[in-house]
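Here the structure is laid out as structure tokens; the discussion comes afterwards.
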Amino acid sequence: MLKTSLTGVALAALLLPIAATARTSNGDVLVTGEYRGETRSMTVALRDLDLRQDRAVNRAESRIRYAVKQVCDINSARELYEQRDYKACYDPAMDSAQNDLDQRISIARAT
């Protein structure tokens with residue numbers, strides 16, 4: 001019984017970061033990254049952008065880049081080991097957010 005409960009808790013801990021990177025229901029994108037053992041998130045508003053337009057997509061990408069830099073704490077990455085930790089946070093957070101944006105663009109341009 002205890003082993004089953006612990007397995008469920010472990011599975012939930014593994015799936016939580018995946019769920020955190022999912023789109024929010026109101027048109028925003030949730031950017032999530034793990035920097036030096038701490039998971040941080042920031043909401044990026046996109047509902048004011050028409051993602052059918054390239055200019056709006058560029059604006060969305062700019063907002064996401066800014067959010068990822070904040071989530072991964074670019075200001076504290078001064079030493080070499082801190083820069084390594086920043087990059088380890090930045091790449092997966094940016095990939096996840098970019099995938100989410102790509103899906104939104106596909107949906108917007110299909111309609």
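In this chain, residues are counted from 1 in sequence order.
- Considering only heavy atoms from C-beta on, Leu49 stays 4.5 Å or farther from Arg55 through its side chain.
- With respect to the salt-bridge test (charged N to carboxylate O, under 4.0 angstrom), the residues Arg63 and Asp28 do not qualify.
- Under a 3.5 Å cut-off, the side chain of Glu34 and the backbone N or O of Arg40 do not form any donor-acceptor pair.
- A donor-acceptor pair is defined here as one N or O able to donate and one able to accept, closer than 3.5 Å; such a pair exists between the side chain of Ser106 and the backbone of Asp102.
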>> Determine whether Glu61 and Leu101 satisfy the following criterion, side-chain contact (heavy atoms from CB on, under 4.5 Å), listing intermediate values before the conclusion.
In response: CA-CA 8 Å; Glu61 290 171 341; Leu101 178 61; 3.5 Å; yes
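- Although no hydrogens or angles enter the test, the distance criterion places a donor-acceptor pair under 3.5 Å between the side chain of Ser76 and the main chain of Asp73.
- The closest donor-acceptor contact from the side chain of Gln98 to the backbone of Met94 lies at 3.5 Å or more, if one exists at all.
- For residues 80-111, the set of pairs meeting the disulfide (SG to SG under 2.5 Å) definition, not counting sequence neighbours, comprises Cys72-Cys89.
- Side-chain contact between Val29 and Thr43 is absent, with no heavy-atom pair separated by less than 4.5 Å.
- When the ring-ring contact (aromatic ring centres under 6.0 Å, His included) test is applied to Tyr35, no partner is found at least two apart in sequence or on another chain.
- Side-chain contact between Tyr86 and Lys69: present, with at least one pair of heavy atoms (C-beta onward) separated by less than 4.5 Å.
- Under the 4.5 Å side-chain criterion, counting only non-hydrogen atoms from C-beta, Glu82 is in contact with Arg36.
- The CG atom of Asp100 lies 12.5 Å from the CG atom of Asp95; values are rounded to the nearest 0.5 Å.
- The closest side-chain heavy-atom distance from Leu80 to Arg84 is not below 4.5 Å.
- Side-chain atoms of Arg109 and Val57, non-hydrogen and from C-beta on, do get closer than 4.5 Å to each other.
- The nearest pair of heavy atoms linking Thr32 to Ala93 is O-CB, 3.4 Å.
- Across Val44 and Ala67, no two heavy atoms sit closer than the pair CG2-CB, 3.4 Å.
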